[in-house]
Novice: 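Before I ask anything, here is the structure I am working with.
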There are 2 protein chains.
Amino acid sequence: MELYAEHGFEQTTAAEIAERAGVTERTFFRHFADKREVLFAGSSDLQDAVVSAIGAAPAGVKPIDAVLAAMEMGASLLPNREYSRQRAAVIAANPSLQERELLKFSTLADAVAEALRRRGVPNLTASLAAEAGVTVFKIGFETWIADDSTGDFAQCIRDALDQLKALTAGA
Amino acid sequence: MELYAEHGFEQTTAAEIAERAGVTERTFFRHFADKREVLFAGSSDLQDAVVSAIGAAPAGVKPIDAVLAAMEMGASLLPNREYSRQRAAVIAANPSLQERELLKFSTLADAVAEALRRRGVPNLTASLAAEAGVTVFKIGFETWIADDSTGDFAQCIRDALDQLKALTAGA
DNA sequence: TACGCTGATGTCAGTTGCTGTCATCAGCGT
DNA sequence: ACGCTGATGACAGCAACTGACATCAGCGTA
């Protein structure tokens, strides 16, 4: 993060990261699949928590509500706002990092959909609920780290879902 | 596409693609930013069509309906189902290609949101409507190329949106 | 026709991300 | 003391890209 924020992602070589960490470049690539993965090390923890939260929801809870609760819970696992903002800035400055982040979200959505299906939610419904959940998480995150944001992350997510509901409500 | 489908994406070198095309490797990289971009050459056409479709919607149309119409229109620009299926299989077999596809969809969503804002749609609403539209496009596409699919692409998209509406409807 | 401009291509060298392979070495149980 | 195992270092190598320069075809113009 230090090197990426200071010199930019592309200008930072793997050798420099390894040197800063006091190891060899080869060792660096044993710990991280590639240069980008460094910024997404904790994403599997988030996914595990969200998936287990879905599984722990009481029976009878509607899919979208189970997903919302899981996302709010996952929101509490993120680092503080200042760090999140800096990390987001690094990612926003580089397309290949955006690609990786999108893949992580996509993988998360697939895992959420799978967790819903295990609860008996039909195939298409599970996929759509999962995608909707990830979308409100993403948009809620953007709102949260925006300069004029005041509320907490979970509130931002709820607001986004309310907006989505209003949007899709038939006329 | 031929080489990717035959030997796989990673097993195909840029030199081989260039040779097949009768040009130098350097020339190949002058036409495509990287190895992956070959499979996404037409994505900007799709984006342009969708964005202009949003702009052409009659005033007073609700955002979600304008987006739906634009997505149905964009659906008609894709190649036939057999080719789309083969291309999807190549992408599904390689994570880095999935990343690129996700980035294209994300860029499309941003462009759609921007087009909505030009129509006076509020910021957050525009983002959510755009994301919802891309989601139903993606899920509709998956349904369309599924083995047991019968209807056309536009119908798959409408079905996905109907499901999403049912999902987000309050109890 | 000769000239000069422009855009596309070829050539070549170089950097960097990433990988396979083998040696080394610390820790740890027997 | 011995052997096993997991982590690391050392090294060579491949392939994706990039920058710089030369070449060449086409094309308008004097």
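Below, read A as the first sequence line, B as the second, and so on, with proteins coming before strands; counting in each chain starts at 1.
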Novice: Expressed as a whole number of angstroms, how long is the span from B:Asn94:CG to D:dA16:P?
Specialist: 12 Å

Novice: Determine whether the aromatic ring centres of residues A:Phe137 and A:Phe153 are separated by less than 6.0 angstrom.
Specialist: yes

Novice: Quick one, give me the B/S/- string for nucleotides 9-24 of chain C, reading 5' to 3', where B means a protein heavy atom under 4.0 Å from the base and S means that only happens at the primed atoms, P, OP1 or OP2.
Specialist: BBB-----SBBBB---

Novice: Determine the minimum heavy-atom distance between B:Gln47 and B:Ala111, stating which atoms define it.
Specialist: NE2-CB, 3.3 Å

Novice: Is there a side-chain contact between A:Gln155 and A:Asp159 in this structure, where contact means two heavy atoms from C-beta onward sitting under 4.5 Å apart?
Specialist: yes

Novice: Identify the nucleotide, in any strand shown, that forms a Watson-Crick or G-U wobble pair with D:dA12, with both distances under 3.5 Å; if there is none, say none.
Specialist: C:dT19

Novice: Would you compute the distance between atom NZ of A:Lys35 and atom OG of A:Ser96 and round it to the nearest 0.5 angstrom?
Specialist: 7.5 Å

Novice: Might you point out which heavy atoms bring B:Ile91 and B:Gln98 nearest each other, and give the distance in Å?
Specialist: O-CG, 3.4 Å

Novice: Both distances below 3.5 Å, Watson-Crick or wobble geometry, any strand: find the nucleotide opposite D:dA25.
Specialist: C:dT6

